Novice: 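This is the structure I want to talk about, given as structure tokens.
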Amino acid sequence: MKFSKSLKLNHIFQRLYRTTGVANGFVVLYARKNGTDTNRVGITVSKKLGHAVVRNRVRRRLRDVYRLNEEKFRKGWDIVVVARSKAVTADFQKLTAAYLQLAEKAGILLPARNEL
RNA sequence: CGACCGGAUCGGACAGCCGCGGCUGCAGGCUGAAAAGCCGCAGGUGAGGAAAGUCCGGGCUUCAUAGGGCAAGGAUAACAGGUAACGCCUGCCGGGGGUGACCCUAGGACAAGUGCAACAGAGAUAUACCGCUGCAGCGGCUCGCCGCUGCAGCAAGGGUGAAAAGGUGGGGUAAGAGCCCACCCGGCCUAUGGUAACAUAGGUUUUACGAUGUAAACUCUAUCCGAAGCAACGCCGUGGAGAAGCAUAUGGUUUGCCCGACCGCUUCAUGGAGGCGGCUUGAUCCCGUGAGCGAUCACGGGACUAGAUAGAUGGCUGUCAAGACAGAACCCGGCUUAUAGAUCCAGUCGCAAC
RNA sequence: GGUACCGUAGCCAAGUGGUAAGGCACGAGUCUGCAAAACUCUGAUCCGCCAGUUCAAAUCUGGCCGGUACCU
């Protein structure tokens, strides 16, 4: 990925959870400017959603959604994505639609100038 | 053909595009004096039979410990073997189940001692309620029986219970009882077979074998066990706090000035942010030969086969199949639990045909 | 990843082998013009589940299931 890294430090997660996120039935999304020119993305899948195989599948899908749509995002943000229970049963297209809808709502997408 | 039984192996496949973690290589790019790091490219590699539960046993690390013994606490329990070790495995014995292949089995000692056995029942390790019988007395009459009272004998029958002093049959007796006899069961002794547990056969005479159950109750006997766990542990180390030395305010920082607040450098030890190591070559795997009923062992040849650190295997498309349980985190050997389906091997019973 | 503990009525819970105390709540009744308070009565069907030991298991043993706490 060109300008994105994985978000690892626990205190940054805690700082993001104090902001107001946006949500739908699939995921919750928290976002905050980090003052650099790279994005840091963290994914949280709770143990309530299932055993390890289910949690790994949800996490890998959420990571691929960001990877395949990286050009649409603005630079310089910390993003945390929390999976909800509908994300376990949703297919990939529904998950992508839900993710991008929340990113639009949070204002971290570039204006869609070359669409259509 | 149908119904079963035991064991072993596999447990989505192929193609295309986009991605991820280690490893190796590069006269590639950037930083750097170098070592090296980051990026890029190429090659090759990358989750399980249970990776799970954390129920046992080890390796490894730290702490404790001269060495040995006793005690305490815990674990295991027929016998023989296997193993680094085990509470695991194999064989075998005893017991139970199945027509059978076969399956299940914590299976030492209540005859060392102690405890417990509710309710019911006369009585729970001991007895005499109903009862059976003899003798004496009294009473009745149909005159050899009945009833009551007292003394004595009995443990067969009734009933209670999970359990009532071996079982069946006969003799015996006033009535009865292993009191005696025959057979059986159990205990003990001897012989034979077996490494052994044990099995089979014989004996059990004299005054004198017959004992309730429970040890997953305390206990006894035999054997074993130091404790904790990779978030262990080792190394580097920011800030803070500590010690020593140097410096010492007329200085410096905090907003240009005033007020106010704070204090520098070096070394040492400690060390909780963070980082690195531990981290994968091992009681390893595959093939063959031999020993053994088997678990397993010996020898020969070959292979190197994940090592992450918020945690790498994913997404999409097509064809087939539709199909489970499920994701390494220091590493091994077991056990237990979850698991759709497929293949192979050995075998049993029933029916039919030859 | 590791360690320790718990599970009994709707809730809080006692119960160390012999038919499961108590309190709150719910329901019914008495009282009251109607309520509240007070008083009386009611409920475990298998003590989380499955096996085993025992004459007998909430209790003892083993295995599962669910939950809680601690180690950073």
Side-chain angles (χ1 to χ4, degrees):
Chain A
M1 286 183 277
K2 298 178 184 64
F3 55 85
S4 303
K5 287 196 289 191
S6 160
L7 173 55
K8 301 176 180 179
L9 298 173
N10 188 38
H11 66 270
I12 300 178
F13 272 85
Q14 295 303 321
R15 195 167 65 192
L16 276 158
Y17 286 146
R18 283 200 297 271
T19 67
T20 30
V22 290
N24 57 22
F26 296 91
V27 290
V28 186
L29 191 143
Y30 301 90
R32 187 178 188 275
K33 278 195 175 179
N34 61 9
T36 67
D37 58 349
T38 60
N39 281 3
R40 292 185 294 188
V41 183
I43 298 171
T44 295
V45 183
S46 149
K47 209 170 184 179
K48 289 176 193 170
L49 297 186
H51 49 69
V53 174
V54 171
R55 294 201 305 272
N56 275 343
R57 187 165 56 234
V58 171
R59 181 165 47 79
R60 285 163 181 159
R61 279 180 168 166
L62 288 175
R63 202 170 50 199
D64 255 27
V65 167
Y66 180 84
R67 182 180 63 81
L68 294 172
N69 296 283
E70 190 190 10
E71 297 82 11
K72 300 179 184 169
F73 282 80
R74 296 179 189 270
K75 292 182 184 179
W77 290 75
D78 284 343
I79 303 167
V80 164
V81 180
V82 180
R84 284 186 160 178
S85 58
K86 278 172 76 175
V88 173
T89 51
D91 59 26
F92 189 73
Q93 284 86 3
K94 282 184 183 172
L95 208 57
T96 305
Y99 199 118
L100 293 179
Q101 178 209 338
L102 287 183
E104 178 82 50
K105 202 171 168 185
I108 55 175
L109 287 187
L110 292 170
R113 58 184 187 281
N114 48 2
E115 298 286 324
L116 293 177

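Chain naming here is simple, since letters A, B, ... match the order of the sequence lines and numbering starts at 1 in each. The structure presented is a predicted model; accordingly, all values stated were derived computationally and were not measured.
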Novice: Suppose we screen for side-chain hydrogen bond (donor to acceptor under 3.5 Å, both in side chains). Which residues come up paired with A/Ser85, at least two apart in sequence or across chains?
Specialist: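 If we apply the side-chain hydrogen bond (donor to acceptor under 3.5 Å, both in side chains) test to A/Ser85, skipping adjacent residues, there are no hits.
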Novice: Watson-Crick or G-U wobble partner for C/U32, using a 3.5 Å limit on both distances?
Specialist: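 By the stated definition (distances under 3.5 Å), nothing pairs with C/U32.
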Novice: How would you list, by chain and number, every residue that makes a ring pair (Phe, Tyr, Trp, His ring centres under 6.0 Å) with A/Tyr99, sequence neighbours excluded?
Specialist: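 Applying ring pair (Phe, Tyr, Trp, His ring centres under 6.0 Å) to A/Tyr99 gives none.
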Novice: Taking only the side-chain nitrogens and oxygens of A/Arg63, find out if one of them lies under 4.0 Å from OP1 or OP2 of B/U313.
Specialist: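 Affirmative; the distance criterion is met.
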Novice: Please determine if a side-chain N or O atom of A/Arg61 lies less than 4.0 Å away from the OP1 or OP2 oxygen of B/G315.
Specialist: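 Yes, A/Arg61 has a side-chain N/O under 4.0 Å of OP1/OP2 on B/G315.
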Novice: Please report, rounded to the nearest Å, how far the P atom of B/C18 is from the CG atom of A/Asp64.
Specialist: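 My rounded result for the distance is 14 Å.
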Novice: Working note: A/Phe73 + A/Leu109, criterion side-chain contact (heavy atoms from CB on, under 4.5 Å); need CA distance, chi angles, decisive distance, verdict.
Specialist: CA-CA 4 Å; A/Phe73 282 80; A/Leu109 287 187; 4.2 Å; yes
Novice: For B/G16 and B/G43, measure between their P atoms and round to the nearest Å.
Specialist: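 B/G16 and B/G43 have their P atoms separated by 14 Å.
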Novice: Only counting residues at least two apart or in another chain, list the ones meeting side-chain hydrogen bond (donor to acceptor under 3.5 Å, both in side chains) with A/Arg84.
Specialist: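 side-chain hydrogen bond (donor to acceptor under 3.5 Å, both in side chains) list for A/Arg84, sorted by chain: empty.
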Novice: Rounded to whole angstrom, note down the C1' distance from B/A199 over to B/A215.
Specialist: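 Result for the C1' pair: 29 Å, nearest Å.
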Novice: B/A217 pairs with which nucleotide, Watson-Crick or G-U wobble, both distances below 3.5 Å?
Specialist: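 B/U114 is the nucleotide pairing with B/A217.
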Novice: Taking atom P in both B/U31 and B/G274, compute the distance separating them and give it to the nearest angstrom.
Specialist: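 Nearest-Å result for B/U31 against B/G274 at atom P: 33 Å.
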Novice: Tell me whether B/G6 sits syn or anti, counting syn as a glycosidic angle within 90° of 0.
Specialist: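 Anti.
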Novice: Considering heavy-atom distances to RNA chain B, does A/Ile43 or A/Gln93 have its closest nucleotide positioned more toward the 5' end?
Specialist: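 Nearest nucleotide further toward 5': that of A/Ile43.
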Novice: Counting only Watson-Crick pairs (N1-N3 plus N6-O4 or O6-N4) and G-U wobbles (N1-O2, O6-N3), all under 3.5 Å, who is the partner of B/U76?
Specialist: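 Because both required distances fall under 3.5 Å, B/U76 counts as paired with B/A222.
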Novice: Can you list everything that forms a side chain to side chain contact (heavy atoms under 4.5 Å, CB included) with A/Leu68? Sequence neighbours excluded, please.
Specialist: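 So A/Leu68 forms a side chain to side chain contact (heavy atoms under 4.5 Å, CB included) with A/Phe92.
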Novice: So A/Leu29 and A/Ile108, do their side chains get closer than 4.5 Å, heavy atoms only?
Specialist: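 Yes; the side chains approach each other to less than 4.5 Å.
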Novice: Could I get a table of every N or O pair under 3.5 Å where one atom is in the protein and the other is in nucleotides 327-329 of chain B?
Specialist:
from: B/G327; atom 1: OP2; to: A/His51; atom 2: ND1; distance (Å): 3.2
from: B/G327; atom 1: OP2; to: A/Ala52; atom 2: N; distance (Å): 3.2
from: B/G327; atom 1: N7; to: A/Asn56; atom 2: ND2; distance (Å): 3.1
from: B/G327; atom 1: O6; to: A/Arg60; atom 2: NH1; distance (Å): 3.0

Novice: Please evaluate residues A/Tyr66 and A/Ile43 with respect to the criterion side-chain contact (heavy atoms from CB on, under 4.5 Å), reporting the C-alpha separation (whole Å), side-chain torsions for both, the decisive distance (0.1 Å), and the verdict.
Specialist: CA-CA 11 Å; A/Tyr66 180 84; A/Ile43 298 171; over 6 Å; no
Novice: Would you mind classifying the nucleic acid contact of A/Arg59 as base, sugar-phosphate or nothing, using non-hydrogen atoms under 4.0 angstrom?
Specialist: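 Answer is sugar-phosphate: A/Arg59 comes under 4.0 Å of backbone atoms only.
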Novice: Is there a Watson-Crick or G-U wobble partner for B/G242 with both distances under 3.5 Å, and if so, which one is it?
Specialist: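 Check on B/G242: paired to B/C268, both distances under 3.5 Å.
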Novice: What is the glycosidic conformation of B/A47: syn, defined as within 90° of 0, or anti?
Specialist: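 What B/A47 shows is a syn base, its glycosidic angle lying within 90° of 0.
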Novice: Can you check the distance between B/G57 and B/G226, where both ends of the measurement are the P atom (answer in whole Å)?
Specialist: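 The same atom, P, in both gives a distance of 11 Å.
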Novice: Return the nucleotide paired to B/C151: Watson-Crick means purine N1 to pyrimidine N3 with N6-O4 or O6-N4, wobble means G-U with N1-O2 and O6-N3, both under 3.5 Å.
Specialist: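 Here B/C151 is engaged in a pair, and the nucleotide opposite it is B/G134.
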Novice: Provide, to the nearest angstrom, the distance between the CZ atom belonging to A/Arg67 and the P atom belonging to B/C18.
Specialist: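 So the CZ-P distance, A/Arg67 to B/C18, works out to 10 Å.
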Novice: Give me the distance, rounded to whole Å, that separates B/A155 from B/A177 when you measure between the C1' atoms they each carry.
Specialist: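 Each nucleotide's C1' atom is 7 Å from the other's.
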Novice: Mind checking what makes side chain to side chain contact (heavy atoms under 4.5 Å, CB included) contact with A/Lys86, not counting sequence neighbours?
Specialist: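 Expected list: A/Phe26.
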Novice: Could you give the CZ-to-C1' distance, from A/Phe92 to B/C316, as a whole number of Å?
Specialist: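 Distance, rounded to whole Å: 8 Å.
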Novice: Determine which nucleotide pairs with B/G107, using a 3.5 Å limit on both distances of a Watson-Crick or G-U wobble pair.
Specialist: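 Matched B/G107 with B/C93 under the 3.5 Å cut-off.
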Novice: Which residue lies toward the 5' end of RNA chain B, A/Asp91 or A/Thr44, if each is placed at its nearest nucleotide?
Specialist: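 Final value for this comparison: A/Thr44.
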Novice: Knowing that exactly one of A/Thr44, A/Val82, A/Val41, A/Leu95 qualifies, which makes a side-chain contact (heavy atoms from CB on, under 4.5 Å) with A/Leu62?
Specialist: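 Testing each of A/Thr44, A/Val82, A/Val41, A/Leu95 against A/Leu62, the sole residue satisfying side-chain contact (heavy atoms from CB on, under 4.5 Å) is A/Leu95.
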Novice: What's the CZ-P distance between A/Arg55 and B/A312, to the nearest Å?
Specialist: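 Taking CZ of A/Arg55 and P of B/A312, I get 12 Å after rounding.
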Novice: Taking the P atom of each, how far is B/A231 from C/G1, in whole Å?
Specialist: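 About 12 Å, rounded to a whole number of Å.
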Novice: Which value, in whole Å, describes the distance between the P atoms of nucleotides B/C38 and B/G11?
Specialist: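 About 37 Å, rounded to a whole number of Å.
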Novice: Could you tell me which nucleotide pairs with B/G314 by Watson-Crick or G-U wobble geometry, both distances under 3.5 Å, or answer none if nothing does?
Specialist: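 When the pairing criteria are applied, B/C18 turns out to be the nucleotide that pairs with B/G314.
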Novice: Using whole Å, what does the distance between atom C1' of nucleotide B/A310 and atom CG of A/Leu62 come to?
Specialist: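 These atoms are roughly 14 Å apart.
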Novice: With C1' as the reference atom in both, quote the distance from B/A163 to B/A191 in angstrom, rounded to an integer.
Specialist: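 One C1' to the other, the span is 39 Å.
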Novice: If C/A20 has a Watson-Crick or G-U wobble mate with both distances under 3.5 Å, name it; if not, just say none.
Specialist: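 Its partner is none (no Watson-Crick or G-U wobble pair with both distances under 3.5 Å).
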Novice: How would you label the glycosidic angle of B/G22: syn (within 90° of 0) or anti?
Specialist: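 Base orientation relative to the sugar is syn.
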